[in-house]
Enquirer: 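This is the structure I want to talk about, given as C-alpha cells.
In what follows, every chain begins at residue 1, and chains take the letters A, B, ... in the order their sequences are listed. Remember, predicted model here, so these are calculated numbers, not experimental data.
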Amino acid sequence: MTVPTDLDLRFLEAAAREGLLDVGYELHDTPVGTLLVGVSERGLCSISYDPEQELDHLARTFGARVLRVPNAADDARRQLDEYFEQRRQDFDLELDLTPTARFAHQVLDELGRVPFGTTTTYGTLAAKVGHPRAARAVGTVMNRNPIPIVLPCHRVVGANGALTGYAGGLDRKRLLLALEGAELGLA
Amino acid sequence: MMEVVIRQPFERFYLEHRDGVLAHLRRLLGAQAAEDAFQETFLRALRAYPKLKHADNLRAWVLTIATNVAVDDRRRLRPQVPDVPDIATLDEPLPREELRELTAGLPPTERAAVFLRYGYDLSYAQIGDALGSSTDAARQATSSGVRRLRREEKR
C-alpha cells in the first residue's frame, strides 16, 4: 500500500505551513543538472549539485528536519530558470549564510558583488577582504560555497586565467561562463 | 556542537516509514479516518524529531505515535462505538488480517494494545507510550483484551 499523492502533499504543505522544517527543499532541473535548492526560514541556504550528499550535510548543519516540499524555494527556482534562459543577470534573494564562519562569510559577500559576465581571481577576492595572501583560503571557501550559481564562484579563476577548479566540475564552470558570455583568458 | 545523536534527514525517515504508517492507521481506523491521522502522525513526529534521544527502531517509534493519534481520534470522535475498520477500502491482503478481524469487537484501547503486542511485537513500555499510559496499564489493557477475546470465543 503506497501513500496517495494528495495525502502526501497535504502533510508536506502542513509541515511547511506550521514552520516545522529546518530546511525545505525541492529538486530542480537545469542545464547544469538536477540541483537541490533549499531554504531555511531565513532564506535560500543551499544549492547543490549532489542532492543525496547535501541532505546529510543540511541535516548536520541546519537540523535534521530536512524535507522535500513542493513549492519550496519557488522564488529561487524561478530566478534560476530566468538566469538559464538568459532573462536574468542578478539574483534578488534573501540568503541564509548563518552556519558560515566569519572569514568565509566575508569572502562570499565579496563574491556576490562580482558582476555577471566577468571573472575575477582568487587573489583579487583575497585582497578585497583584506588578506591579500590568502588566495588559497579563498579557493577553499569557493570549493565549499553553499549557494553556487547565485553566489557566482564560477566567475573566480586562477591568476593566469586558468579555470582551476569547481565543486560541480569544470564542465559546469565552463558552461556557466559561456552562458554569461564571459571572456576567458588564455591558459 | 553538543549533539551526539546522529539523526538522518527527516526526508529519508519519512520515505521509509510513510507506507507502513498509513497501512497501520487503516487497520486501526479504516481508510477515511486514517488520512487525517496520517498527517497528524507525521506532524507529531516532526515536532518530536529534534528531541529524539536515540536513532534505534524508528519504526516502532513512529507506529507508537500513529497508535497514539488513532486512540485520540477514536476517543474524540466515537467514544462508545466499537471500532470497525472500513474493510471494503483496503486494497490488498493484510498480513495481520486474522488479528484485525479477531479484535474488531474490542474497545479501542484494548484493541490497540492487543494489536501492537501481537501484530507488531512491541514491548509493554512502548505500548504504554503509544496509549499515553504506564507500562502496567498497557500490560493490563492487553491482557484484558485477550481475556475478552477468549470469552467471546467460548460464547
Enquirer: As an exercise, state the distance from CD of E35(B) to CZ of F11(A), rounded to the nearest 0.5 Å.
Expert: 14.5 Å

Enquirer: Hey, could you give me the CG/CG distance between L46(B) and L20(A), rounded to the nearest 0.5 Å?
Expert: 5.0 Å

Enquirer: Enumerate, atom names and distances included, each donor-acceptor pair closer than 3.5 Å involving a side-chain atom of residues 75-82 of chain A, sequence neighbours excluded.
Expert:
{"residue": "D75(A)", "atom": "OD1", "partner": "R78(A)", "partner atom": "NH2", "Å": "2.4"}
{"residue": "R77(A)", "atom": "NE", "partner": "A72(A)", "partner atom": "O", "Å": "3.1"}
{"residue": "R77(A)", "atom": "NH2", "partner": "A72(A)", "partner atom": "O", "Å": "3.4"}
{"residue": "R78(A)", "atom": "NH1", "partner": "E82(A)", "partner atom": "OE2", "Å": "3.1"}
{"residue": "Q79(A)", "atom": "OE1", "partner": "R88(A)", "partner atom": "NH1", "Å": "3.4"}
{"residue": "Q79(A)", "atom": "OE1", "partner": "D92(A)", "partner atom": "N", "Å": "2.8"}
{"residue": "Q79(A)", "atom": "NE2", "partner": "D92(A)", "partner atom": "O", "Å": "2.9"}
{"residue": "D81(A)", "atom": "OD1", "partner": "H28(A)", "partner atom": "NE2", "Å": "2.8"}
{"residue": "E82(A)", "atom": "OE1", "partner": "R88(A)", "partner atom": "NE", "Å": "2.8"}
{"residue": "E82(A)", "atom": "OE1", "partner": "R88(A)", "partner atom": "NH2", "Å": "3.0"}

Enquirer: Is it the case that atom CZ in R87(A) sees more than 12 heavy atoms from other parts of the structure closer than 6.0 Å?
Expert: yes

Enquirer: Take atom CD in E18(A); do more than 12 heavy atoms of anything else shown fall under 6.0 Å from it?
Expert: yes

Enquirer: Is chain B contacted by the side chain of A59(A), its backbone, both, or neither, given a heavy-atom distance below 4.5 Å?
Expert: side chain

Enquirer: Please evaluate residues R65(A) and E11(B) with respect to the criterion salt bridge (charged side-chain N to carboxylate O under 4.0 Å, His left out), reporting the C-alpha separation (whole Å), side-chain torsions for both, the decisive distance (0.1 Å), and the verdict.
Expert: CA-CA 8 Å; R65(A) 295 184 296 183; E11(B) 174 72 16; over 6 Å; no

Enquirer: Does L58(A) share a hydrophobic cluster with L95(A), counting links as ILVMFWY side-chain heavy atoms below 4.5 Å and allowing steps through other members?
Expert: no

Enquirer: Is E13(A) in contact with chain B via its backbone, its side chain, both, or neither, using a 4.5 Å heavy-atom distance?
Expert: neither

Enquirer: What distance separates L67(A) CG from F13(B) CZ, expressed to the nearest 0.5 Å?
Expert: 11.0 Å

Enquirer: Without swapping roles, check the side chain of D56(A) against the backbone of P9(B) for a donor-acceptor pair under 3.5 Å.
Expert: no

Enquirer: Is it the case that one hydrophobic cluster holds both V37(A) and L55(A), taking links as side-chain heavy atoms less than 4.5 Å apart, direct or via other members?
Expert: no

Enquirer: I need the R10(A) CZ to L43(B) CG distance, nearest 0.5 Å.
Expert: 11.0 Å

Enquirer: What part of F42(B) gets within 4.5 angstrom of chain A, counting heavy atoms only: side chain, backbone, both, or neither?
Expert: both

Enquirer: Is the NE2 atom of H131(A) crowded by more than 12 outside heavy atoms at less than 6.0 Å?
Expert: no

Enquirer: Identify which part of L21(A) has an atom lying under 4.5 Å from any heavy atom of chain B, answering side chain, backbone, both or neither.
Expert: side chain

Enquirer: Between Y25(A) and L93(A), is there a shared hydrophobic cluster once you connect ILVMFWY residues whose side-chain heavy atoms come closer than 4.5 Å?
Expert: no

Enquirer: Say whether L12(A) and L15(B) are linked into one hydrophobic cluster, either directly or through other cluster members, by side-chain heavy-atom distances under 4.5 angstrom.
Expert: yes

Enquirer: When you group the ILVMFWY residues by side-chain heavy-atom contacts below 4.5 Å and let the links chain together, are I149(A) and L36(A) in the same group?
Expert: no

Enquirer: Just how far is it from atom CZ of F38(B) to atom CG of L7(A), taken to the nearest 0.5 Å?
Expert: 5.0 Å

Enquirer: What part of D8(A) gets closer than 4.5 Å to chain B, counting heavy atoms only: side chain, backbone, both or neither?
Expert: both

Enquirer: Could you pull out the closest heavy-atom pair between A14(A) and Q39(B), with the gap in Å?
Expert: CB-NE2, 3.3 Å

